[in-house]
Amino acid sequence: MERGSPVVDTSVAGVVEARWGVRPEPAIARYAEPGWQLSPVPIDRRCPRCEGELHGLYRAHPHRGKHQLQAAVACPACPATFTLRELKLAQKSVLGELRPEAVTRRLAEDAQLDALTRGPRPAAVKPRTQPTPRTQPTPRTEPTQPTPAVEPAPHTPAEPADHRPAGPGRTTPGPTGPTDLTP
């Protein structure tokens with residue numbers, strides 16, 4: 001595999017190299033096949049060669065129409081890979097409670113995510129904005145009752161007779177003559 005290549009090496013050696021920067025030789029042929037990933041389960045045993053920390057790997061592999069899990073063990077300190085039989089480990093010590101169905105489902109989801117990230121990007125969608133509230137009521141299109149014409153309010157004694165409300169650019173004139181405010 002070339003560095004900078006868009007293809008990811010998911011063999012046991014490829015996963016170990018991506019994680020720890022060393023590339024062990026595969027203990028058996030299937031460790032060179034793709035589809036391996038690190039196990040989240042810690043291994044309770046040390047490396048028989050260097051006493052380094054061991055790490056488990058697993059993959060889902062089709063067998064007679066169903067998926068079964070395969071496990072591998074690697075020591076990045078040596079670097080080396082081991083079979084479970086060599087270390088006399090049970091598969092559960094590497095896989096824990098992982099089930100083939102869960103691993104297969106996760107692989108399918110990962111494949112969908114990869115396809116989405118590699119596929120053509122859709123055109124940018126303009127985000128929806130909330131409509132701004134209207135300050136005037138919306139006119140009705142249905143016929144309504146006629147509204148009476150608005151007439152000016154009658155003159156009140158508090159305002160002088162010649163009083164006009166001030167508008168833009170206008171000033172309110174004061175009374176033109178003496179105002180009698182006595183009752």
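Fair warning: this is a prediction, and the values are worked out from it, not measured in the lab.
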Verdict with supporting geometry, Val15 and Arg59, side chain to side chain contact (heavy atoms under 4.5 Å, CB included): CA-CA 12 Å; Val15 172; Arg59 75 171 182 161; over 6 Å; no
Supply the atom-to-atom distance [X] [atom1] to [Y] [atom2], rounded to the nearest 0.5 angstrom.
X	Y	atom1	atom2	answer
Lys66	His61	NZ	NE2	15.5 Å
Ser39	Gln91	OG	CD	10.5 Å
Leu89	Arg45	CG	CZ	4.5 Å

Taking side-chain contact (heavy atoms from CB on, under 4.5 Å) as the test, write out the residues that go with Ile28, two or more places apart. Arg30, Tyr31, Thr83
Is the shortest side-chain heavy-atom distance between [X] and [Y] below 4.5 Å?
X	Y	value
Arg19	His55	no
Val12	Pro26	no
Tyr58	Gln70	no
Arg46	Glu53	yes
Leu54	Phe82	yes

State, to 0.1 Å, how close [X] and [Y] come at their nearest heavy-atom pair, and which atoms those are.
X	Y	value
Gly35	Thr10	N-OG1, 2.8 Å
Ala72	Val94	O-CG1, 3.9 Å
Ala27	Glu86	CB-OE1, 4.1 Å
Pro24	Thr81	CG-CG2, 3.7 Å
Asp9	Arg23	OD2-NH2, 2.7 Å

Sequence neighbours excluded, which residues qualify as salt bridge (charged side-chain N to carboxylate O under 4.0 Å, His left out) partners of Glu97? Lys92, Arg99
Result for side chain to side chain contact (heavy atoms under 4.5 Å, CB included) between Val22 and one of Cys75, Pro76, Cys78 points to Pro76
Give a yes or no on whether Leu57 and Trp20 share a hydrophobic cluster (residues Ile, Leu, Val, Met, Phe, Trp, Tyr; joining criterion: side-chain heavy atoms under 4.5 Å apart). yes
Does the pair Val73 and Leu84 meet the rule for a side chain to side chain contact (heavy atoms under 4.5 Å, CB included), with working shown? CA-CA 7 Å; Val73 179; Leu84 298 179; 3.7 Å; yes
Ignoring hydrogens and geometry, is there a side-chain-to-backbone donor-acceptor pair from Ser93 to Ile43 under 3.5 Å? no
